[in-house]
2 protein chains.
Amino acid sequence: MKPDQATDAKRKRAPSKRSLATRARVLDAAEQVFAHRGFDGATIRDIAAEAGEPIGTIHHHGGGKEALFHQAVARRAEALARTRLEALEQARGGQAMTLHDILDAFMRPFFTLSAEDPRWRDYARLVAFVSVDDRWRDLSAQYFDPTAAVFIAEILLQLPDVSRQQVAAGFVFSVSAMLALLTSKNRIGDLGAGDGSEEEQIAHLVRFCAAGFAG
Amino acid sequence: MKPDQATDAKRKRAPSKRSLATRARVLDAAEQVFAHRGFDGATIRDIAAEAGEPIGTIHHHGGGKEALFHQAVARRAEALARTRLEALEQARGGQAMTLHDILDAFMRPFFTLSAEDPRWRDYARLVAFVSVDDRWRDLSAQYFDPTAAVFIAEILLQLPDVSRQQVAAGFVFSVSAMLALLTSKNRIGDLGAGDGSEEEQIAHLVRFCAAGFAG
DNA sequence: GTCTATATGTAGATAGAC
DNA sequence: GTCTATCTACATATAGAC
């Protein structure tokens with residue numbers, strides 16, 4: 001019996017290269033449209049047009065609008081979590097890890113990835129939509145809470161005198177601030193005139209949150 | 001010529017008491033439904049059902065879905081801004097106003113109002129939806145940016161060594177954190193177990209942001 | 001001002017040809 | 001796997017009776 005061609009009824013045979021490419025295009029398009037219009041504002045037709053694929057194809061690969069949304073959220077969640085945990089490991093390497101280092105390990109990857117590939121910026125908008133709508137609470141719980149728990153535990157080690165609730169609250173404040181910076185550059189610009197370099201802004205964000213925790 | 005009964009063609013005669021009450025019910029219902037489902041997820045039918053009014057009435061008072069959304073955002077914006085500015089004035093009264101006082105004047109009113117009338121909690125969710133979606137950028141600019149500008153100027157006086165951009169960024173971080181606390185109590189609870197009293201949480205939020213600015 | 005009925009468009013989903 | 005054509009449902013909006 002050949003591997004990869006399971007007789008197991010539940011398992012489909014490996015998708016063709018072409019199919020995988022189409023699937024990636026569909027998810028890219030879904031990500032972009034969902035990120036800019038939210039779940040309800042997006043339409044399967046918009047996504048199909050963005051992907052350059054017929055509507056039927058979207059349903060075939062996506063399995064319905066809601067499943068497609070889930071997949072769009074899920075696709076980059078794992079890579080993001082991994083990058084964050086790697087950054088945390090690296091910070092652990094240097095002796096005497098500080099609160100600042102922990103927050104930097106959590107926040108910087110999203111910006112770094114966004115700088116490398118603008119689709120990560122869309123993904124940030126998508127995450128912001130997920131965060132603001134209780135309807136997707138389960139999604140964040142599944143994809144983001146585990147990583148959050150690791151970082152919260154790490155911060156607690158640094159701040160033995162602060163209660164778990166306070167650290168959790170501070171963490172939520174920090175995540176909100178991070179998403180605000182990732183998604184609403186415009187708003188900051190409107191309120192404060194010219195922005196500095198992105199690197200300065202990230203450094204400022206991390207300092208702001210670290211000081212908040214310490215205070 | 002009686003006042004309040006202008007012959008001016010652009011001006012309609014004063015609405016009846018009944019009409020005003022209906023209008024208030026319509027806006028209450030719109031606020032609640034928009035706050036929980038967002039603009040696209042809400043339907044006029046949902047709003048009509050929530051208001052206990054027929055669909056036609058919603059259109060009559062609301063003037064279409066988008067205009068209704070605008071009105072829902074606008075209705076409490078003025079009262080919120082006024083309460084915030086009053087709190088700022090009061091803080092000015094006490095000699096030696098601190099950064100902490102300024103942030104408290106900005107943030108606390110939303111919580112105080114929410115405690116008095118739960119519809120303010122819905123309004124906070126509505127504001128969160130507005131903040132996250134670029135499509136409503138003009139709405140926030142119109143209703144929230146002027147107050148923000150006053151508070152940013154006040155903070156700048158306290159922090160003469162910090163650039164305007166940095167203060168503006170810190171302000172956006174703070175607003176995001178505030179909205180997170182107002183709207184996603186669940187999420188904080190999920191990550192950190194039992195919450196303290198609301199007063200403690202507000203105090204923590206203000207301390208967090210004040211420390212962030214100072215740091 | 002209030003309510004009913006309906007016009008018009010467009011959404012998500014699917015069946016079946018290729 | 002891919003694409004076309006179409007079904008069904010429900011959205012917003014309005015015209016007009018009361």
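Convention: sequence-line order gives letters A, B, ...; per-chain numbering from 1.
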S.K.: In whole Å, what is the span from the CD1 atom of B/I55 to the C1' atom of C/dA5?
M.R.: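 Result: 11 Å.
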S.K.: Provide, to the nearest angstrom, the distance between the CD atom belonging to A/E53 and the P atom belonging to D/dT4.
M.R.: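 One finds 11 Å between P of D/dT4 and CD of A/E53, rounded.
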S.K.: Any base atoms under 4.0 Å from A/R45, or only sugar-phosphate, or nothing? Heavy atoms, all strands.
M.R.: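 It contacts base atoms.
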S.K.: Grab the CD-C1' distance between B/E66 and D/dA11 for me, whole Å please.
M.R.: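 B/E66 atom CD is separated from D/dA11 atom C1' by 15 Å.
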S.K.: Atom NZ of B/K65 to atom P of D/dA11: distance rounded to whole Å?
M.R.: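 Distance, rounded to whole Å: 9 Å.
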S.K.: Output the rounded distance in Å from CG (B/D40) to C1' (C/dG12).
M.R.: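 That distance rounds to 15 Å.
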S.K.: Testing the basics here: between B/L27 and B/A72, what is the closest heavy-atom pair and its distance to 0.1 Å?
M.R.: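 Between these two residues, the closest heavy atoms are CD2-N, 4.0 Å.
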S.K.: For a quick test of reading the model, state the closest non-hydrogen atom pair linking A/L181 to B/F173 and the distance between them.
M.R.: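 What the structure gives for the nearest pair is CB-CE2, 4.0 Å.
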S.K.: Specify the residues of residues 19-34 of chain A, ordered by number, for which at least one heavy atom lies under 4.0 angstrom from an atom of DNA chain D.
M.R.: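 By residue number: A/S19, A/T22.
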S.K.: Between A/P54 and B/G64, just flag the one whose closest nucleotide in DNA chain D comes earlier from the 5' side.
M.R.: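 Nearer the 5' end of the strand: A/P54.
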S.K.: Tell me: CZ of B/R18 to P of C/dC3, nearest whole Å?
M.R.: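 So the two atoms are 6 Å apart, to the nearest Å.
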S.K.: Name the orientation class of the two ring planes belonging to B/F110 and B/Y123 (parallel below 30°, tilted from 30 to 60°, perpendicular beyond 60°).
M.R.: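 The arrangement is tilted - the two ring planes meet at 30° to 60°.
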S.K.: Which nucleotide in the set D/dT2, C/dC3, C/dG12 lies at the smallest distance from any side-chain heavy atom of A/T57?
M.R.: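 My answer, after comparing the listed nucleotides, is D/dT2.
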S.K.: Taking atom CZ of A/R121 as the centre, report whether more than 12 heavy atoms of other residues, nucleotides or ligands fall under 6.0 Å from it.
M.R.: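 Correct, the count exceeds 12.
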S.K.: Name the orientation class of the two ring planes belonging to B/F106 and B/F171 (parallel below 30°, tilted from 30 to 60°, perpendicular beyond 60°).
M.R.: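 Ring orientation, 0 to 90° scale: perpendicular.
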S.K.: What residues form a side chain to side chain donor-acceptor pair (under 3.5 Å) with B/Q90, not counting sequence neighbours?
M.R.: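 Once residues adjacent in sequence are excluded, B/Q90 has no partner under the side chain to side chain donor-acceptor pair (under 3.5 Å) criterion.
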S.K.: I need the CD1-P distance between B/I47 and D/dC10, as an integer number of Å.
M.R.: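 For the pair B/I47 CD1 and D/dC10 P, the rounded distance is 18 Å.
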S.K.: Let me know the distance between CD1 of B/I44 and P of D/dT14, rounded to the nearest Å.
M.R.: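 Going from B/I44 (CD1) to D/dT14 (P), I get 11 Å.
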S.K.: Applying salt bridge (Lys or Arg N to Asp or Glu O under 4.0 Å), name anything that partners B/E199, two or more places apart in sequence or on another chain.
M.R.: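 Listed in chain order: B/R108.
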S.K.: So which nucleotide from D/dC3, C/dG1, C/dG12 ends up closest to the side chain of B/P15?
M.R.: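 Closest nucleotide among those given: C/dG1.
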S.K.: Between C/dA13, C/dC3, D/dA13, which nucleotide gets closest to the side-chain atoms of B/H59?
M.R.: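 Looking only at side-chain atoms, B/H59 lies closest to D/dA13.
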S.K.: What does B/H60 touch in the nucleic acid at a heavy-atom separation under 4.0 angstrom: a base, only the sugar-phosphate, or nothing?
M.R.: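 The answer is base, as B/H60 lies within the cut-off (heavy atoms under 4.0 Å) of a base atom.
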S.K.: Think B/H61 has a side-chain N or O under 4.0 angstrom from the OP1 or OP2 of C/dT2?
M.R.: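 Answer yes for this pair, as a side-chain N or O of B/H61 is under 4.0 Å from OP1 or OP2.
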S.K.: With a non-hydrogen cut-off below 4.0 angstrom, is A/A42 in contact with a base, only sugar-phosphate, or nothing?
M.R.: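 The answer is sugar-phosphate, as A/A42 gets under 4.0 Å only of primed atoms, P, OP1 or OP2.
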